[in-house]
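See structure below.
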Protein chains: 2
Amino acid sequence: MTVSDLTAPAQDYLKMIWSATEWSESPITVGAMAERMGVKPSTVSDGIRRLAKQGLVTHAPYGSIELTDAGREHAVEMVRRHRLLETFLVQILGYGWDEVHEEAEVLEHAVSATMIRRIDELLEHPTRDPHGDPIPSPGGLPNPPEGVRLAAADPDRPVTITRISDADPDMLRYFAELGLAPDTQLTVRAHRPYADITTIHLDGREVDIDLGSSAAEAIWVVGN
Amino acid sequence: MTVSDLTAPAQDYLKMIWSATEWSESPITVGAMAERMGVKPSTVSDGIRRLAKQGLVTHAPYGSIELTDAGREHAVEMVRRHRLLETFLVQILGYGWDEVHEEAEVLEHAVSATMIRRIDELLEHPTRDPHGDPIPSPGGLPNPPEGVRLAAADPDRPVTITRISDADPDMLRYFAELGLAPDTQLTVRAHRPYADITTIHLDGREVDIDLGSSAAEAIWVVGN
DNA sequence: CCTGAATGTTAGACTGACCTAACGGGAGTG
DNA sequence: CACTCCCGTTAGGTCAGTCTAACATTCAGG
Ligand SMILES: [Mn+2]
Ligand SMILES: [Mn+2]
Ligand SMILES: [Mn+2]
Ligand SMILES: [Mn+2]
């Protein structure tokens with residue numbers, strides 16, 4: 001069975017379950033999945049039961065949701081599709097990196113394996129998507145992600161942005177305005193814990209920028 | 001309401017009803033639609049009733065199926081999507097013209113209006129798809145098709161292929177092997193009616209080619 | 001250790017898409 | 001002019017996905 005035999009929601013569920021553990025170890029909840037899919041929790045609960053029946057996840061009622069080996073394989077394939085498509089949309093069709101997520105979220109269920117292969121060749125086998133996320137190799141594992149959340153980065157040490165979560169397009173547009181993107185270099189001035197504010201300085205800029213915690217959680221950086 | 005609010009089968013039904021009258025005036029039948037969609041006639045009958053309830057077609061039981069103005073608008077939009085996507089797949093992703101139909105048949109339901117616009121711009125507003133079919137302008141009418149079926153073309157007069165039906169990929173591959181494609185120049189030698197064979201000569205070729213009636217019905221030509 | 005708020009599950013209903021099986025209409029043939 | 005056979009429709013069933021409403025479980029604060 002190939003990933004294309006699954007329904008679009010099933011493909012999305014698997015992708016979300018897998019993605020949840022990519023950048024943090026806390027497992028996904030039914031509520032979080034429902035929120036991201038724009039659907040009620042009962043719908044997700046149902047869907048998970050169907051996935052379990054197909055042997056793609058293990059799940060006991062009220063228990064945690066885990067991918068089986070088969071489920072993980074399909075999930076990684078979907079992540080590969082999503083990220084290749086995002087890269088394609090930016091490089092070939094001139095999308096902004098803040099626009100691609102929603103388009104890829106739909107296209108990933110429609111493109112054939114052939115089209116994915118051709119896109120991969122046209123782009124010369126890219127390894128990072130426009131947000132800095134690693135693109136898994138075909139049938140394989142992703143190049144493991146690097147970096148720490150900006151909110152957890154040491155102050156006064158120059159760092160480079162390696163990825164920015166693509167979950168919120170409005171936030172991405174805000175970052176784009178500020179000049180924050182993968183490969184941007186910056187220095188954390190200070191974290192102000194109770195205000196939940198992280199102040200950063202962009203190399204070659206006049207003023208410092210204050211970021212709230214949702215922003216500082218969405219950006220990953222690595223030391224230079 | 002935009003075309004994207006319809007289900008994929010509904011979009012396909014509208015497209016097929018519209019396309020049926022593009023190259024011949026005989027209206028589509030439930031059976032023909034079922035065959036092309038690979039479903040049972042009862043499924044199509046059902047679907048048509050739903051389209052009628054939405055005001056997109058008119059249909060009395062056992063009667064003919066006609067698009068309403070709203071239905072025609074959606075149908076033309078889907079034809080535009082399909083043909084732009086086919087052109088895109090050939091020009092940008094290097095597909096063969098015999099490979100694109102099935103991919104476009106799925107993608108047409110998934111791409112956004114934005115993506116269609118960007119593809120149209122990238123290709124510089126193409127007017128013909130890889131099979132020679134006219135690409136309707138946005139929201140508008142197609143450049144009306146030209147030509148007659150090869151089976152009905154006068155013998156001994158040089159003609160040029162303007163379109164080849166994309167319905168059968170195997171036939172397209174056969175044509176590609178023979179060197180038959182849009183813009184190919186040829187001359188009909190003779191029609192042999194009871195054998196249902198049309199003999200053609202390609203300019204600059206040694207041997208003549210015999211085509212059966214299904215092939216001669218799938219190729220449209222225009223006089224030079 | 002108890003308990004209530006938050007979270008997740010089940011029940012029941014609806015829709016669209018499909019199927020098989022049974023039935024109906026109509027165009028052409030004898 | 002009647003009959004037949006082809007085609008289309010309806011009836012009835014399944015499945016996935018969605019919802020609302022009711023119910024169950026968990027676990028953290030008191
Ligand atoms: Mn998706
Ligand atoms: Mn991404
Ligand atoms: Mn086509
Ligand atoms: Mn289609």
Side-chain angles (χ1 to χ4, degrees), chain A residues 1-17 20 26-67 70-71 74-75 78 105-106 108-110, chain B residues 1-17 20 26-67 70-71 74-75 78 105-106 108-110:
Chain A
M1 186 194 45
T2 162
V3 70
S4 310
D5 298 330
L6 299 170
T7 64
Q11 291 174 342
D12 280 333
Y13 290 146
L14 294 174
K15 188 160 57 80
M16 282 180 44
I17 296 165
S26 51
I28 192 94
T29 68
V30 168
M33 292 177 68
E35 169 137 30
R36 278 195 229 165
M37 300 264 303
V39 102
K40 300 292 168 188
S42 56
T43 301
V44 172
S45 201
D46 242 32
I48 297 296
R49 188 155 30 75
R50 273 190 296 269
L51 288 180
K53 204 163 23 178
Q54 298 173 76
L56 299 171
V57 303
T58 57
H59 177 58
Y62 303 101
S64 67
I65 303 164
E66 313 269 356
L67 293 171
H74 291 144
M78 290 311 299
E105 197 56 61
V106 179
E108 64 191 0
H109 311 294
Chain B
M1 185 193 45
T2 163
V3 69
S4 311
D5 298 330
L6 299 169
T7 63
Q11 292 174 341
D12 280 333
Y13 290 146
L14 294 174
K15 187 161 57 80
M16 282 180 44
I17 296 166
S26 51
I28 191 97
T29 68
V30 169
M33 292 176 68
E35 169 137 29
R36 277 196 229 164
M37 301 265 302
V39 299
K40 299 295 169 187
S42 55
T43 302
V44 172
S45 203
D46 242 33
I48 297 296
R49 189 157 29 75
R50 273 191 297 268
L51 287 181
K53 204 163 22 177
Q54 298 173 262
L56 300 171
V57 303
T58 57
H59 177 58
Y62 301 101
S64 68
I65 303 164
E66 313 269 358
L67 293 171
H74 291 143
M78 290 311 299
E105 197 57 60
V106 178
E108 64 191 0
H109 311 293

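Convention: sequence-line order gives letters A, B, ...; per-chain numbering from 1.
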- Below 4.0 Å: OP1/OP2 of dA16(D) and any side-chain N or O of Arg49(A):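 No, because none of the side-chain N or O atoms of Arg49(A) sits under 4.0 Å from OP1 or OP2 of dA16(D).
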- Phosphate oxygens OP1/OP2 of dG8(D): is one of them under 4.0 Å from a side-chain N or O of His59(B)? no
Interatomic distance where [atom1] belongs to [X] and [atom2] belongs to [N] [whole Å]:
X: Ile48(A); N: dT18(D); atom1: CD1; atom2: P; answer: 12 Å
X: Ile65(B); N: dT9(D); atom1: CD1; atom2: C1'; answer: 12 Å
X: Gln11(B); N: dA17(C); atom1: CD; atom2: C1'; answer: 15 Å
X: Glu35(A); N: dG8(C); atom1: CD; atom2: C1'; answer: 15 Å
X: Ile28(B); N: dG8(D); atom1: CD1; atom2: P; answer: 10 Å
X: Leu51(A); N: dG8(C); atom1: CG; atom2: C1'; answer: 16 Å
X: Gln54(B); N: dT15(C); atom1: CD; atom2: P; answer: 13 Å

- Let me see the working for His74(A) and Leu51(A) under side chain to side chain contact (heavy atoms under 4.5 Å, CB included), right down to the final yes or no. CA-CA 12 Å; His74(A) 291 144; Leu51(A) 288 180; over 6 Å; no
- For His109(A) and Leu6(A), what are the C-alpha separation, side-chain angles and deciding distance, and is it a side chain to side chain contact (heavy atoms under 4.5 Å, CB included)? CA-CA 9 Å; His109(A) 311 294; Leu6(A) 299 170; over 6 Å; no
- Item | Student check: side-chain heavy atoms of Ile28(A) and Arg36(A) closer than 4.5 Å |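 Yes, close enough: below the 4.5 Å cut-off.
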- Query: Base, backbone or nothing for each nucleotide of nucleotides 18-23 of chain C, written B, S, -, heavy atoms under 4.0 angstrom, 5' to 3'?
  - Reply: BBB---
- Are the side chain of Gln11(B) and the backbone of Val3(B) linked by a donor-acceptor contact shorter than 3.5 Å? yes
- Query: DNA chain C: Ala32(A) or Gly47(B), which has the more 5' nearest nucleotide?
  - Reply: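 Mapping each residue to its closest nucleotide by heavy atoms, the 5'-most match is Ala32(A).
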- Message: Can you tell me which nucleotide in dG8(D), dT10(D), dG16(C) comes closest to the side chain of Thr7(B)?
- Response: dG16(C)
- Message: Atom CD of residue position Glu35(B) - does it have more than 12 heavy atoms of other residues, nucleotides or ligands inside 6.0 Å?
- Response: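 No, the 6.0 Å shell around CD holds no more than 12 heavy atoms from other groups.
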- Let me see the working for Met78(A) and Leu14(A) under side chain to side chain contact (heavy atoms under 4.5 Å, CB included), right down to the final yes or no. CA-CA 8 Å; Met78(A) 290 311 299; Leu14(A) 294 174; 5.8 Å; no
- Indicate yes or no: does Lys15(B) engage Glu105(B) in a salt bridge with an N to O separation below 4.0 Å.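 Yes, charged N to carboxylate O under 4.0 Å.
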